[in-house]
2 protein chains.
Amino acid sequence: MYMANPSFMNGVPELLILRTLDTGEMYGYELVQAIRARTNQAIRLGEGVVYPALHALEREGMLKSRRKLVNGRTRVYYALTRKGEKHLAGLVRHWQHITDAIGLAIGGTAHAAAML
Amino acid sequence: MYMANPSFMNGVPELLILRTLDTGEMYGYELVQAIRARTNQAIRLGEGVVYPALHALEREGMLKSRRKLVNGRTRVYYALTRKGEKHLAGLVRHWQHITDAIGLAIGGTAHAAAML
DNA sequence: AGCAAATACCTCTTGCAACAAGGTATATAT
DNA sequence: ATATATACCTTGTTGCAAGAGGTATTTGCT
């Protein structure tokens with residue numbers, strides 16, 4: 001029987017979303033641009049990634065939302081729950097662990113890579 | 001019309017494989033263990049990931065292979081081509097670029113994450 | 001001698017994350 | 001008027017990575 005495991009590289013959008021919301025309450029559209037800004041435009045998550053992720057994270061109790069009417073437009077603000085903060089801390093640790101490991105593998109004894 | 005783009009996070013196994021082969025010719029089974037060793041067991045790519053990747057990379061001209069009979073067992077040794085070396089250099093640059101960006105996003109002004 | 005584990009190669013099927021595209025609606029700027 | 005920006009959303013596609021399993025030889029254990 002085949003039991004799939006998530007790739008060790010998955011969940012980076014989730015990490016970026018939670019980490020960005022950890023700087024303060026934000027709504028989806030704002031989040032999309034904030035992530036671009038925070039990564040110097042290097043990472044550009046689209047709305048098709050962010051909105052479904054927000055809904056899933058709220059369903060899992062990592063986020064809580066409140067609707068707010070601003071200028072006739074409805075905004076849905078998301079904030080971290082205690083659970084979300086703990087989860088974020090774990091994600092950050094995991095990310096650091098694997099990037100350290102990859103950095104180690106990349107940085108080791110080199111041939112062609114030595115002359116970068 | 002839907003035209004898929006690879007996720008910005010994909011291709012890490014490819015990077016690890018090429019980078020490890022850049023330390024010298026290696027065969028598949030050896031590579032699997034070498035990657036574990038080089039990452040302090042943090043990343044454990046299985047044969048179901050490595051072998052198909054090796055075949056694809058050879059098809060794309062990134063690797064060249066030669067068969068060798070050792071102790072009655074057949075080993076297929078893979079080595080980087082010039083093209084593979086250039087490709088690797090690009091992958092390393094790209095990896096550094098996005099991990100720098102994520103590090104920036106993670107490291108920025110924090111609330112809960114500040115107390116790690 | 002017999003059996004398990006290690007060595008060494010391989011393919012098949014599946015799950016899911018991330019993505020592009022497109023849809024609705026209001027406000028603002030030209 | 002018309003386009004762009006704001007603000008929300010869902011749907012369908014694709015391909016990566018993973019697990020599982022298959023073949024065969026050799027080595028180590030008892």
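Please read these numbers as outputs of a predicted model, since none were measured by experiment.
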Minimum-distance nucleotide to Tyr51(A) side chain [options: dT10(D), dC19(C), dT11(C)]: dT10(D)
Touch class at under 4.0 angstrom, heavy-atom based, for Glu47(B) against every strand present: base
5′-ward residue of the pair His55(A)/Ala4(A) relative to DNA chain D: His55(A)
Whole-Å distance separating the CD atom of Gln33(B) from the P atom of dA6(C): 10 Å
Length of the line joining Leu31(A):CG and dT6(D):C1', which is rounded to integer Å: 15 Å
Positions of residues 61-77 of chain B (non-hydrogen atom under 4.0 Å from DNA chain C), listed by number: Arg73(B), Thr74(B), Arg75(B), Val76(B)
Touch class at under 4.0 angstrom, heavy-atom based, for Val32(A) against every strand present: nothing
Side-chain donor-acceptor contact under 3.5 Å, His87(A) with Glu60(A): no
Length of the line joining Leu16(B):CG and dA17(D):C1', which is rounded to integer Å: 13 Å
side-chain N/O Tyr29(A) vs dC8(D) OP1/OP2, d < 4.0 Å: no
Inter-residue atom distance Leu104(B).CG - Thr39(A).OG1, 0.5 Å rounding: 8.0 Å
Whether His55(B) and Tyr78(B) hold their rings parallel, tilted or perpendicular, with breakpoints at 30° and 60°: tilted
By side chain to side chain contact (heavy atoms under 4.5 Å, CB included) - contacts of Thr20(B) (at least two apart): Met26(B), Leu31(B), Ala34(B), Ile35(B), Arg38(B)
Nearest-Å distance for atom pair CG/P, residues Asn10(A) and dT14(C): 20 Å
Gap between atoms CD1 and C1', on Ile35(B) and dA17(D) respectively (whole Å): 13 Å
Nearest-neighbour nucleotide for the Leu45(A) side chain, dA18(C), dC8(D), dC19(C) considered: dC19(C)
Proximal nucleotide (of dA18(C), dC9(C), dA18(D)) relative to the Phe8(A) side chain: dA18(D)
Evaluation steps, salt bridge (Lys or Arg N to Asp or Glu O under 4.0 Å), between Glu30(A) and Arg75(A): CA-CA 10 Å; Glu30(A) 189 185 7; Arg75(A) 292 178 179 171; over 6 Å; no
Touch class at under 4.0 angstrom, heavy-atom based, for Gly48(B) against every strand present: base
Nucleotide dC10(C), atom P - distance to CG of Leu54(B) in whole Å: 8 Å
Any Tyr2(B) side-chain nitrogen or oxygen under 4.0 Å from OP1 or OP2 of dA21(C): no
Touch class at under 4.0 angstrom, heavy-atom based, for Met9(A) against every strand present: nothing
Atom-pair distance (CD1 on Ile43(A); C1' on dC19(C)), nearest Å: 15 Å
Tyr27(B) side-chain N/O to dA8(C) phosphate OP1/OP2 under 4.0 Å: yes
Under 3.5 Å: donor-acceptor pair, side chain of Tyr51(A), backbone of Gly46(A): no
Atom pair distance, as rounded to whole Å: CZ in Arg59(A) and C1' in dT10(D): 13 Å
Sidechain-backbone polar pair: Arg36(B) side chain, Arg44(B) backbone, donor-acceptor under 3.5 Å: no
Side-chain donor/acceptor of Thr81(A) to backbone N/O of Met62(A), under 3.5 Å: yes
